[in-house]
Amino acid sequence: TLIWSLVVHLLRVMMETIPPLKDSRLLIKDLRFERVKVRIYQLKTSNKNLRRGILYFHGGVGRFGSIRAYERKCRYFCRKTNSVVVSVGYRLAPEHPYPAQFEDCLTATIHFLRTAQDHGVDPSRIVICGDSSGGTLTAAVAQALVNRRDLPKLRAQILIYPFLQCVDLNLPSYQQNKGVPILLKERTLVLGLKYINMDLGITEEIFKGCHVSEDRRLKYQKWVSPDYIPHEFKTRGYKPSPTCLPSKEFCEMAEYLFDPVFAPLLAEDSVIAQLPETFILTCEFDVLRDDGLLYKKRLEDHGIKVTWCHLQEGFHGTVFVALFGRVLGFRSGAKGLQKIVNFLRLM
């Protein structure tokens, strides 16, 4: 436990990085949306019309990341799209156990939808956005709001290489990219289990699929299956996995893994059918690639408009590091950022 605490601390320090220099073009202020810390970015130029609003949920598996770590990205979106950007500083685990992270993101979103005009934002043009586990939070918040008739509808959601399911960790992307940094196959599951306070002793059974009961398998196979991954994504090597007999003990222990807040791909059809227009970014060299592909299919099957950006040379985290100068500025990440900006400008 002590070693893991030190690892958490070290990763948090690394993600903070060197903050960017002051930008005289931007007005930046720290506020609270109810109990939730936020930082708001907007251009100083006078604007008589109401602007677009963007809520950003950072990645970090609910344990790392911060407003400061994502300062560059939020400034970039503000400058390039002339939007009011709200970076959400949700509480982190393990100090604040799951689902505090989701609750904070939902609270901040509802507050912003209700008070948008106070911040110079058109309430009908609010987009939520997040990368990695922030993409998970984005998907979960969008789902939580579909039946809220007392609030303006979200204009769109942007999911950047999101984690969306824990039913099948042997999809083609998990097999092909199991050893690709930064998100190794085993690390993905360990961080996910740590996030929701689950016993790490069942990792092997989850990799085999023994945690999925027969009833769940029948229900989820129409949403989570390698059969729905296009053939071109299987050419780098993929072998269908043998079906593992479910274990009642492990199925009961794994109950949290099927909660749509943790695994939004498993939401009911009635929820998926009401989601807003969506942008999904996937990377070829990322274990989570197929989560994005499967969610894209589910949304499109329900008539939801999806803009898909696939980075052929991309890896998990490529968009995060794209703004750190020439040393880390990978071309694929810059391409992904530009595609997101293009999408936002249409909202």
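H119 and F33 have tilted rings, their planes meeting at an angle from 30° to 60° on a 0 to 90° scale. Taking the six-membered ring where the residue is Trp, H211 and F258 present parallel rings, their angle staying beneath 30° rather than reaching 60°.
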>> If you apply the rule side chain to side chain contact (heavy atoms under 4.5 Å, CB included), what do you find for Y228 with R298, and how did you get there?
In response: CA-CA 10 Å; Y228 302 137; R298 274 207 80 190; over 6 Å; no
>> Does T203 form a side chain to side chain contact (heavy atoms under 4.5 Å, CB included) with I206? I'd like the steps, not just the answer.
In response: CA-CA 5 Å; T203 52; I206 293 173; 5.7 Å; no
>> Checking R125 against L50 for the side chain to side chain contact (heavy atoms under 4.5 Å, CB included) test, could you report, in this order, the C-alpha distance in whole Å, the side-chain angles of both residues, the deciding distance, and whether it holds?
In response: CA-CA 9 Å; R125 296 177 67 207; L50 293 174; over 6 Å; no
> Would R236 and N177 count as a side chain to side chain contact (heavy atoms under 4.5 Å, CB included) if you check the C-alpha gap in whole Å, the side-chain angles of each, and the deciding distance to 0.1 Å?
Replying inline: CA-CA 10 Å; R236 278 200 294 128; N177 303 308; 3.0 Å; yes
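With rounding to the nearest 0.5 Å, the separation of NZ in K297 from CG in L265 is 11.0 Å. Annotation: the span from D168 atom CG to Y174 atom OH amounts to 9.0 Å, rounded to 0.5 Å. Here H111 contributes atom NE2 and L151 contributes atom CG; the two are 12.0 Å apart, rounded to the nearest 0.5 Å. Rounding to the nearest 0.5 angstrom, the gap separating the OG1 atom in T109 from the CD1 atom in I126 is 8.5 Å. The distance from the CZ atom of F57 to the CG atom of L159 is 11.0 Å, given to the nearest 0.5 Å. For the atom pair OG1 (T318) and CG (D286), the distance works out to 10.0 Å, reported to the nearest 0.5 Å.
Summarising the local packing, OH of Y256 is surrounded by 12 or fewer heavy atoms from other residues, nucleotides or ligands at distances under 6.0 Å. By the 6.0 Å contact criterion, NZ on K305 is open, its count of non-hydrogen atoms from other residues, nucleotides or ligands being 12 or less. Heavy atoms of other residues, nucleotides or ligands lying less than 6.0 angstrom from NZ of K44 number more than 12. Sparse packing is recorded around CD of E186, with 12 or fewer heavy atoms of other residues, nucleotides or ligands lying under 6.0 Å away.
In this structure a side-chain-to-backbone donor-acceptor pair under 3.5 Å is present from R149 to V146. At least one donor-acceptor pair under 3.5 Å links the side chain of R289 to the backbone N or O of F233. At least one donor-acceptor pair under 3.5 Å links the side chain of Q165 to the backbone N or O of V167. Side chain of K339 to main chain of L311: no donor-acceptor pair is present (N/O by atom type, distance under 3.5 Å, no hydrogens or angles). With hydrogens and angles ignored, the 3.5 Å screen pairs a side-chain donor or acceptor of S247 with a backbone N or O of F250. Of the possible donor and acceptor atoms, none in the side chain of D104 sits under 3.5 Å from a partner among the backbone N and O of V36.
L137 and Q101 get closest at one heavy-atom pair: CD2-C, 4.0 Å. Of all non-hydrogen atoms in S124 and R155, the two that sit nearest each other are O-CB, 3.7 Å. The two residues K73 and I160 make their nearest non-hydrogen contact at NZ-CD1, 4.5 Å. The shortest heavy-atom contact between L257 and L266 is O-CD1, 4.3 Å. For the pair C244 and G209, the tightest heavy-atom approach, listed with the atom from each and the gap, is CB-C, 4.1 Å. Pairing each heavy atom of L145 with each of L113, the nearest pair is CD1-CD1, 4.1 Å.
Between S133 and R63, the closest side-chain pair of non-hydrogen atoms is not below 4.5 Å. Residues S241 and Q175 are in side-chain contact: their nearest non-hydrogen atoms beyond the backbone lie under 4.5 Å apart. Residues V287 and H316 fail the side-chain proximity criterion, which asks for heavy atoms closer than 4.5 Å. Residues Y70 and F77 form no side-chain contact, since every pair of their non-hydrogen atoms from C-beta on lies 4.5 Å or further apart. Counting heavy atoms from C-beta on, the side chains of K80 and L337 never come closer than 4.5 Å. Residues T136 and F262 have side chains not in contact (no heavy-atom distance under 4.5 Å, counting atoms from C-beta outward). You'll find the side chain of R79 stays beyond 4.5 Å of the side chain of Y41, heavy atoms only. For the pair D122 and R52, the minimum side-chain heavy-atom distance is 4.5 Å or more.
The six-membered or imidazole ring of Y90 lies near that of H58, with a centre-to-centre distance under 6.0 Å.
Note: the hydrophobic cluster containing L346 also contains V127 (ILVMFWY, side chain heavy atoms under 4.5 Å, direct or indirect links). By the criterion of side-chain heavy atoms lying less than 4.5 angstrom apart, applied directly or through intervening Ile, Leu, Val, Met, Phe, Trp or Tyr residues, I54 is not grouped with L27; the two fall into different hydrophobic clusters. A single hydrophobic cluster is not seen to contain both Y195 and L184; linkage of ILVMFWY side chains at heavy-atom distances under 4.5 Å, directly or through other members, places them apart. Hydrophobic clustering keeps L245 apart from Y220 (ILVMFWY residues linked when any side-chain heavy atoms are closer than 4.5 Å, directly or through intermediates). F207 and Y238 are members of different hydrophobic clusters when ILVMFWY side chains are connected at heavy-atom separations under 4.5 Å.
Ion pairing between K153 and E277 fails under the 4.0 Å rule for side-chain N and carboxylate O. Under a 4.0 Å N-O distance rule, the pair R114/D150 qualifies as a salt bridge. In this structure, K296 pairs ionically with E300, as a charged nitrogen and a carboxylate oxygen lie closer than 4.0 Å.
For K178 and N170, the side-chain atoms include no donor-acceptor pair closer than 3.5 Å. Side-chain contact, H310 with E284: a donor N or O sits under 3.5 Å from an acceptor N or O. Between the side chains of Y56 and D131, at least one donor-acceptor pair of N or O atoms lies under 3.5 Å.
By the side-chain contact (heavy atoms from CB on, under 4.5 Å) test, N197 is found to be paired with P97, residues two or more places apart in sequence or in another chain being considered.
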